[in-house]
Each structure stands twice: as structure tokens, then as C-alpha cells.
Chemist: 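Dumping the structure here so I can ask a few things about it.
Counting starts at 1 for both ligands and their atoms, following the listed order. Bear in mind that the values here come from a model prediction, so they are computed numbers and not experimental data.
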Amino acid sequence: MINQKVLVVTGASRGIGAEIAYQAALAGYYVVVNYNKSKESAEKVCERIKADGGDCVCIKADVSDETQVNSFYEQVMELCGRVDVLVNNAGISSFSLFTDISSELWDKTFDVNVKGQFLVTRAFLPSMIHRKEGRIINISSVWGICGSSCEVHYSASKAAIIGMTKALAKELGPSGICVNCVAPGVIDTDMNKALSPDDMKALADETPLCRIGTSFDVAKTVLFLASDDASFITGQVISPNGGFVI
Ligand code: NAP
């Protein structure tokens, strides 16, 4: 069993999730690095953590697959015995005019972004309720707050996460569990690699703090919500976005 606090982060093989995992390890957590397709990349995240004195394990699971999620939970509990912080970060996005969104794309987006958070939270929650403590941090997006043209499916999925966070916070408060949402602005990761350098510059120019966000900006917000300093914060949406959406 693990003697440190345990933080689980889904979709941690790349981008924001990988940085959350790294910063959590630096902050002293034992980190569970979940991935789906990018095994090598997840292993590199673990190597980076271990090289800097942290401790972690990487475990594969597709968050949209109930059987894999339940097996993921069993593996984590067998190894760690408990989970203190669950970060629901795994997500996918794509661009499409609304009239071109296929039912398959709509379902896939909701399966990963919304059902994935539901399945993972449902699997891990009973052990938190049993201990009467825990933190759940759901990654949404500014587009879930204000909507994005040509990303209606993505925006709707990210808005659903905000609704799920608020309702669950009310249900779990009496059990001593805080549930919050982080809604990042535009962050420099693979998710935005379809945008040209000019597009990224235009987005930075539209941002009052005059830059695109980094995974580090998001990771530090997540770790604040996981910390003792945030013990009276629940049901909230915190948006590291440089003032892009106010
Ligand atoms: P990214 O670089 O594309 O990485 C996505 C991560 O999610 C990968 O680790 C991927 O793992 C994982 N993932 C995807 N489908 C999965 C599944 N079915 N099961 C398990 N893991 C899965 O994206 P990112 O920018 O870091 O985004 C992370 C989160 O932040 C997402 O929820 C995204 O919506 C949100 N967000 C991003 C931005 C932004 O501008 N980048 C802004 C606001 C919110 P594998 O590669 O191993 O499959």
C-alpha cells in the first residue's frame, strides 16, 4: 500500500494531464497516470516524474468503456488502497459546422468527455464516501461556459461537465467531498495543433494577459483545488484563461 496521498489523473499521457501528473508528484502525491492510446508517452511522463524523485504508476484504460474503468479502479485500489484526489482530465475535441456533426461524432465526444467522467467518478466515489473525504476535479473548458462556433458538440459536452460538477458537489458535501471544475482557456497542447501559428497569435492578442495558456497554468489551478487551502471550495468553476473570458 502507498503511504503518500494518492492522486489519479485521467488522460495523463500528454498535454494538460501529463503536467498535472508531474506537478502533483512534485507536490508529494503518489500519482496514477492514466492513458488510453499513448503508452510510450505515458511511460515518458512516469520516467520524468521518477527522475525528479516522484513516485507513480501508469495504467491503461479507455474512460468511455465501463469494463475498462471498473478494472482500472480495481488496479488502483489493489496498488494504492485509497484515492485522495481524482482529476477527470481525459477529453477529445474536433471542429465541425453544426450541420456536419454526425451522430457518431456527437456520441463519441459525449462518451469520452461526459460519460467518461461519470464512469470514472462513479467507480472511485464509494471509497471516498466510505472515508468521508476526497477531492474531485473535473476539467471542462471556457467553451463550456461561453460556447465556441464550430465546436457545438465539444462546447455542449464541456457545459455538461459544469452541470455535473455543481450537482455532485451538492450531493457529496455532507460526505466531506469537494467537487470542483477547472475550465481552461486556450492552452498550448496537441488539442490545438490544428490551429496555425497565426490563429494562435490572434487568440493570444485577444487575451488580456497577451499570451496562450500553458499546461503548467492549469496544473497549478488543479493542485490548488486539491490542497488544504481549498477545503471550503466546492461546486465552483475556476477558469485559468488569462482574461479571455470574464
Ligand atoms: P491532448 O493534448 O489532446 O491530450 C488528451 C489526453 O486525453 C491524452 O492523454 C489522451 O490519452 C487522453 N484521452 C483521450 N481519450 C481518452 C480516453 N477515451 N480514455 C483515456 N484517456 C483519453 O489534450 P489537452 O489539451 O491536454 O486536454 C486535456 C483536457 O483539457 C481535455 O479534457 C480538454 O477538453 C481540456 N481542455 C483543453 C484545452 C486546450 O486548449 N488544450 C482548453 C480547455 C480544456 P491517449 O493519447 O493515451 O489516448
Chemist: Quick one: side chain to side chain donor-acceptor pair (under 3.5 Å) pairs with a partner in residues 93-110, sequence neighbours left out?
Modeler: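 For residues 93-110: S94-H153.
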Chemist: Out of L168, L172, V179, which one pairs with T121 under the side chain to side chain contact (heavy atoms under 4.5 Å, CB included) rule?
Modeler: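 Testing T121 for a side chain to side chain contact (heavy atoms under 4.5 Å, CB included) against L168, L172, V179 leaves exactly one candidate, L168.
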Chemist: In Å and rounded to the nearest 0.5 Å, what is the CE to CZ distance from M77 to F124?
Modeler: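 The CZ atom of F124 is 8.0 Å from CE of M77, to the nearest 0.5 Å.
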Chemist: Looking at K44, I'd like to know if its NZ atom is crowded, meaning that more than 12 non-hydrogen atoms belonging to other residues, nucleotides or ligands lie closer than 6.0 Å.
Modeler: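 At most 12 heavy atoms, drawn from other residues, nucleotides or ligands, come within 6.0 Å of this atom.
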Chemist: Near ligand 1, which residues have a heavy atom under 4.0 Å away from one of its atoms?
Modeler: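 For ligand 1, the residues that come within the 4.0 Å heavy-atom cutoff are G11, A12, S13, R14, G15, I16, N34, Y35, N36, K37, S38, A61, D62, V63, N89, A90, G91, I92, V112, I139, S140, S141, Y154, K158, P184, G185, V186, I187, T189, D190, M191, N192.
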Chemist: Cluster partners of V85, using ILVMFWY side-chain heavy atoms under 4.5 angstrom, listed by chain and number?
Modeler: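 Other cluster members: L7, V9, I16, I20, Y22, L26, Y29, V31, V33, V45, I49, V87, I137, I139, V182, I187, V218, V222, L223, F224, L225, I233, I238.
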Chemist: With sequence neighbours excluded, give me every side chain to side chain donor-acceptor pair (under 3.5 Å) pair touching residues 131-147.
Modeler: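 Listed by first then second residue: D84-R131, N88-N138, R131-E133, N138-T165.
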